[in-house]
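In what follows, chains carry the letters A, B, and so on, assigned in the order in which the sequence lines appear, proteins first and then strands, with residues in each chain numbered from 1.
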Number of protein chains: 2
Amino acid sequence: MMNLQSLTTPHVQCGSCPIRHRAVCARCDSDELEVLDSIKYYRKFEAGQTVVWAGDQVDFVGSVVSGVASLTQTMEDGRRQMVGLLLPSDFVGRPGRSTAAYDVTATTDLMMCCFRKGQFEKMMQETPHVSQRLLEMTLDELDAAREWMVILGRKTAREKISSLLAIFARRNTLLTGGEASGRIVIDLPLTREAMADYLGLTLETVSRQISALRKAGVIELQGKRHVIIPDFDRLLDETGDDSDGGFYD
Amino acid sequence: MMNLQSLTTPHVQCGSCPIRHRAVCARCDSDELEVLDSIKYYRKFEAGQTVVWAGDQVDFVGSVVSGVASLTQTMEDGRRQMVGLLLPSDFVGRPGRSTAAYDVTATTDLMMCCFRKGQFEKMMQETPHVSQRLLEMTLDELDAAREWMVILGRKTAREKISSLLAIFARRNTLLTGGEASGRIVIDLPLTREAMADYLGLTLETVSRQISALRKAGVIELQGKRHVIIPDFDRLLDETGDDSDGGFYD
DNA sequence: GCGTTTGGTTGATCTTGATCAAAGTTGCCC
DNA sequence: GGGCAACTTTGATCAAGATCAACCAAACGC
């Protein structure tokens with residue numbers, strides 16, 4: 001038997017995985033892991049490396065163990081839009097599909113925990129927990145995608161940047177267990193260009209708006225990637241969202 | 001036993017449902033339907049009616065039988081963004097959540113087939129097929145959401161309109177069984193304002209771009225809602241997408 | 001039939017963010 | 001330490017789409 005240890009509700013620390021990763025291990029409070037360990041493996045990538053190209057054959061699914069990966073779609077004339085941002089514990093890949101629909105890129109050094117697709121699919125058949133958990137995660141991702149659509153379609157550049165910073169701030173404080181508030185420090189896992197691709201802006205506009213938020217005292221910068229948010233509520237005021245944040249369960 | 005009749009792969013015509021609706025019936029090639037019929041019911045809405053308001057308690061899930069519904073998010077200052085467009089066979093509601101995250105509105109006359117949430121959730125526990133099918137549908141919706149993000153983030157107004165028309169054209173021809181090509185006729189299920197909310201534009205810009213496409217001969221109009229696409233490939237050229245359309249399986 | 005409402009079109013002007021261009025930082029390799 | 005490359009900032013100008021405003025047309029109520 002292995003050392004299973006719940007961190008936050010949906011996350012489970014399992015066996016050799018160094019960090020919570022909830023894709024498959026979650027709720028597997030039985031010895032399913034024994035089987036898993038013989039079919040899962042790790043892959044490491046450096047910042048900037050491509051994990052898979054859109055259109056490639058892909059024979060694995062997996063989840064992010066540490067670092068950040070992004071899904072991007074590129075139009076034929078080169079315009080790029082990020083369509084997914086994968087933080088630790090997020091799932092990558094689509095069971096039942098053999099080619100990648102998007103480029104997957106490591107935006108920081110990245111560690112993934114992968115499963116051969118065939119075996120994963122077999123596991124889904126055999127263990128209802130797995131597809132139920134996957135459904136839950138996919139619904140969360142869909143919610144995030146919809147929030148993202150509001151950002152892309154209706155927010156100003158300044159609101160977009162503020163929203164992105166708020167997303168990172170929330171994810172950061174989630175990891176350490178608390179709720180986002182007061183003074184928060186984040187290390188941006190994205191270049192200005194990647195932020196632009198996330199937000200549907202140009203990198204120049206991203207840079208200018210970050211400078212503007214700095215001049216307005218909403219954020220402080222130490223270097224280019226290290227951001228201090230002295231007052232999280234002040235940042236939220238800049239996002240254009242309702243004050244309550246709109247959480248549902 | 002009832003008359004089960006496969007139309008296209010994932011769709012099944014079942015019992016008293018007038019049209020294919022795949023949320024629950026799919027793959028239920030057994031007598032599960034007997035049970036279902038005792039717990040499902042229909043709801044009808046007129047164009048413009050609200051199905052649920054964001055924040056409301058919701059005690060049902062369901063799928064669209066006929067007509068079109070939309071999910072919209074409204075910012076506190078009134079800016080609105082559509083985040084979901086529900087066509088026949090699409091699923092509405094999130095199992096495991098008791099309040100609606102978005103406004104659901106009938107954009108045309110609408111018929112829905114609903115299940116009490118508690119019973120639906122019980123069914124998901126008991127029948128793995130259901131949650132597997134739901135996962136598949138949710139993944140499709142996530143893909144659509146990502147395509148939509150590219151539209152919102154990176155396309156010009158003209159490309160946005162063309163993309164939306166292409167989406168309707170594809171859905172239309174899917175229903176009649178074929179592949180989209182050549183001459184296609186569609187009835188827009190959305191007002192100019194709803195199209196604007198879909199695309200992150202103003203209604204004036206929508207109107208202007210539709211006029212521009214008409215003047216360019218890409219589309220013909222009969223009245224305000226009836227659109228003729230004389231050459232589907234010509235329309236596709238205007239969407240900014242790669243010619244192959246980017247389909248994966 | 002006529003005023004009203006709802007949804008749509010068209011025009012003039014303004015604003016935001018894109019584009020083009022140059023220069024500033026930081027880190028790294030030799 | 002110097003030079004290069006990657007990333008970022010800042011500036012000047014431009015253009016797409018928003019905004020404000022007027023008008024149009026079909027449907028509806030009475």
Mind calculating the distance between CD (B:E204) and C1' (C:dT15) to the nearest angstrom?
-> 15 Å
Closest nucleotide among D:dG17, C:dG8, D:dT10 to the A:S207 side chain = D:dT10
How long is the line joining CD of A:E159 and C1' of C:dG17, in whole Å?
-> 14 Å
Round to the nearest Å and state the distance from B:I161 atom CD1 to C:dT9 atom C1'.
-> 14 Å
Does NZ or CZ of A:R170 fall inside the cone over A:F232's six-membered ring, less than 6.0 Å from its centre and within 45° of the axis?
-> no
Using a heavy-atom cut-off of under 4.0 Å over every strand shown, decide if A:R158 touches base, sugar-phosphate, or nothing.
-> nothing
So does A:T205 get a side-chain nitrogen or oxygen closer than 4.0 Å to the phosphate oxygens (OP1/OP2) of C:dA18?
-> yes
5' priority, DNA chain D, between A:T191 and B:R208 [closest heavy atom] = A:T191
B:R192 side chain N/O closer than 4.0 Å to the phosphate oxygens (OP1, OP2) of C:dT9?
-> yes
Examine D:dT9: is either OP1 or OP2 under 4.0 Å from a nitrogen or oxygen in the side chain of A:R214? Give yes or no.
-> no
B:W148 (side chain) donor-acceptor with B:Y198 (main chain) under 3.5 angstrom = yes
Taking every heavy atom of B:V185 against every heavy atom of B:H226, the minimum-distance pair comes out as CG1-NE2, 3.3 Å
Atom CG of A:L199 and atom C1' of C:dT16 are separated, to the nearest Å, by 16 Å
Would you mind classifying the nucleic acid contact of B:R79 as base, sugar-phosphate or nothing, using non-hydrogen atoms under 4.0 angstrom?
-> nothing
Below 4.0 angstrom from OP1 or OP2 of D:dT10, is there any side-chain N or O of A:S211?
-> yes
From CG (B:L110) to CD (B:Q49), nearest 0.5 Å | 9.0 Å
So what does B:G200 hit on the nucleic acid, given a heavy-atom distance under 4.0 Å: a base, only sugar-phosphate, or nothing?
-> sugar-phosphate
Using a 4.0 Å heavy-atom cut-off across all strands, classify A:I210 as base, sugar-phosphate, or nothing.
-> nothing
Nucleotide D:dA18, atom C1' - distance to NZ of B:K160 in whole Å = 12 Å
Given atom CG of B:L190 and atom C1' of C:dG8, what is their separation to the nearest angstrom?
-> 15 Å
Contact class for A:T202 (heavy atom, under 4.0 Å): base, sugar-phosphate, or nothing?
-> base
From the candidates C:dC20, C:dT26, C:dG8, the one with an atom nearest any side-chain atom of B:K224 is C:dG8
Flag yes if more than 12 heavy atoms outside A:E76 fall under 6.0 Å of its CD atom; otherwise flag no.
-> yes
Between C1' of C:dG8 and CG of B:L201, the distance in whole Å = 16 Å
Is A:R154 reaching over with its side chain to a backbone N or O of B:L201, donor-acceptor style, under 3.5 angstrom?
-> yes
Map A:G223 and A:A157 onto DNA chain C by nearest heavy atom, then report which one ends up closer to the 5' terminus.
-> A:A157
C:dT26 P sits how many Å from A:L221 CG, rounded?
-> 12 Å
